[in-house]
Novice: 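What follows is a structure written as C-alpha cells; I'll ask about it next.
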There are 2 protein chains.
Amino acid sequence: MNIGDVAERSGLPAKTIRYYEDIGLVKPLRSANGYRSFRDRDVHKPAFLGRARALGFSIEDCRNLLKLYEDDDRTSSEVKQIAEVQLDRIDRKIAELTEMRATLAHLVDACAGDHRPDCPILADLAAKEEEIALLNEAG
Amino acid sequence: MNIGDVAERSGLPAKTIRYYEDIGLVKPLRSANGYRSFRDRDVHKPAFLGRARALGFSIEDCRNLLKLYEDDDRTSSEVKQIAEVQLDRIDRKIAELTEMRATLAHLVDACAGDHRPDCPILADLAAKEEEIALLNEAG
DNA sequence: TATTGACCTTCCATCAGGTGGAACCCCTAT
DNA sequence: ATAGGGGTTCCACCTGATGGAAGGTCAATA
C-alpha cells in the first residue's frame, strides 16, 4: 500500500506520514521503485498517531504509546499513567486559558470601542510595571 | 539603562528582550561600548510585551498593539477589535481542550490501570480507522 | 510510441517564540 | 592583574509539522 492510500485511511497528510517516518514513528518497507510500501501493521500506525495527537499527546508520548501498543507484556497501568499525565497537562492548560480569558474579557468589557484614543486595554498592558517589579522583589 | 535592569523590571529574560529587538519590537540605543541603552520609553515596552504575551496575544498582535499604544490618533475601537479576536481564539482553544479532556477522561476512567495488558485507551486509539475512512468518504 | 497527469521521491526552507551555549568583550573591585 | 559579573554576537536547537522545488514512476490515453 502506497503513502497516498495510507494518508486517506488515516486522515493524515502524506507529508506528515513521511515526517513520522523521519522521526522513527513508522518504518514502512520500500518497493523496488523506491515508493514506501506499508504493510498492514504499518497502515494502522498513522491512524493511531492521528488519534493520539488529536488528544494532545506529544510525539514522545505517541512513541511510548505505540511501543506499549505493540508490547504484549504491557500493563494497562503503564498506559493509564501516560494518559493521566496528559489529562493533567490539559487541565492546567485549560486553567491557564480560563484565567487569560477572564482578564481579557474584563478589559474588553471596559473598553468603549469608539473613536476616542482612551483605552483600558492599553492602559492595563502599560501600567503593570511597578507590580512586576514588586513581584520580582517579593518572589 | 542596560538590558539586565530592563529584564528585571519587565520580568522577561534578557535573552527574550534581545530577541524582541531582533524582530523589531524594541529599538534601544547603543552606548559607546556597544551595550544596549534603554531610554524610558524603551524600558516600558518589554513589560508591555510581557503582559500582552501573557494574555496570549501573538507577536504580530503585540506589534500592532504597540503601534496603537504609541499612536495618539488611535481609536479604542482598533484596540478592542484586536482584543476581541484574541478572546475568540481563546474561547475556541478552551472549547477544543475541553473536548479533548472529556474524551481522555472517559478513557482514563474506563482503564483498569492494573497489571493486565487489556486497555481501553489503546483500544480506542487503535480502533478508529474505519470511522476515519467513513468520515473521509462522507466529507 | 509519446505524452499527459497523478503519483511518488528527496531535500531544503519556513513558521512561532523563544532558549542554550560558545566565544569573546567590558567594567569594577580587590 | 585578576576575578566576577555584566554585556555582545552568532549559531544551533526545540515542537510539529508544512510548502515548494526538482525530479523519478506509472497507468491510461491519443
Novice: Give B:Ile3 one of three labels, base, sugar-phosphate or nothing, depending on what nucleic acid heavy atoms sit under 4.0 Å from its own.
Specialist: sugar-phosphate

Novice: Select from A:Ser37 and B:Ile59 the residue whose nearest nucleotide in DNA chain C is closer to the 5' end of that strand.
Specialist: A:Ser37

Novice: With a 4.0 Å cut-off on heavy atoms, is A:Arg18 in touch with a base, just the backbone sugar-phosphate, or nothing at all?
Specialist: base

Novice: Looking only at side-chain N and O atoms, does B:Tyr20 come under 4.0 Å of OP1 or OP2 in C:dG17?
Specialist: no

Novice: Could you give the CD1-to-C1' distance, from A:Ile23 to D:dT15, as a whole number of Å?
Specialist: 10 Å

Novice: Can you check side chain to side chain contact (heavy atoms under 4.5 Å, CB included) on B:Thr75 and A:Arg116, steps first, answer last?
Specialist: CA-CA 5 Å; B:Thr75 67; A:Arg116 286 169 302 160; over 6 Å; no

Novice: Phosphate oxygens OP1/OP2 of D:dG24: is one of them under 4.0 Å from a side-chain N or O of A:Asn33?
Specialist: no

Novice: Figure out the CG/C1' separation between A:Leu29 and C:dC8, and round it to whole Å.
Specialist: 16 Å

Novice: Without decimals, in angstroms, what is the distance between A:Asp5 CG and C:dA6 P?
Specialist: 16 Å

Novice: In whole angstroms, how far is the P atom of C:dT10 from the CD atom of A:Glu21?
Specialist: 7 Å

Novice: Shortest non-hydrogen contact from B:Leu25 to B:Leu66?
Specialist: O-CD2, 3.6 Å

Novice: Starting at CG of B:Leu49 and ending at P of C:dA16, how long is that distance when rounded to a whole Å?
Specialist: 16 Å

Novice: Give the rounded distance in Å between these two atoms: OH of A:Tyr19 and C1' of C:dC8.
Specialist: 21 Å

Novice: So, does A:Thr16 get its side chain near the phosphate of D:dT18, meaning an N or O under 4.0 Å from OP1 or OP2?
Specialist: yes

Novice: Measure the distance from CD1 on B:Ile17 to C1' on C:dT19 and round it to the nearest whole Å.
Specialist: 14 Å

Novice: Take atom CD in B:Gln81; do more than 12 heavy atoms of anything else shown fall under 6.0 Å from it?
Specialist: no

Novice: Return whichever of B:Gly4 or B:Lys15 has its heavy-atom-nearest nucleotide of DNA chain D closer to the 5' end.
Specialist: B:Gly4

Novice: Looking at B:Arg63, I'd like to know whether one of its side-chain N or O atoms comes within less than 4.0 Å of OP1 or OP2 on C:dG17.
Specialist: no

Novice: Taking CD from A:Gln86 and C1' from D:dT15, how many angstroms apart are they, rounded to a whole number?
Specialist: 14 Å

Novice: Got more than 12 heavy atoms from elsewhere within 6.0 Å of CZ, A:Arg39?
Specialist: yes

Novice: Is the base of D:dG24 touched by the side chain of A:Tyr35 through a donor-acceptor pair closer than 3.5 angstrom?
Specialist: yes

Novice: C:dC8 phosphate, OP1 or OP2: any side-chain N/O from A:Arg36 under 4.0 angstrom?
Specialist: no

Novice: Measure across B:Ile17 and B:Val26 and return the closest heavy-atom pair with its distance rounded to 0.1 Å.
Specialist: O-CG2, 4.0 Å

Novice: Looking at the side chain of A:Arg30, which of C:dG18, C:dT10, D:dT18 is the nearest nucleotide?
Specialist: C:dT10

Novice: Mind checking if A:Phe57 touches a base, just sugar-phosphate, or nothing, with heavy atoms under 4.0 Å?
Specialist: nothing

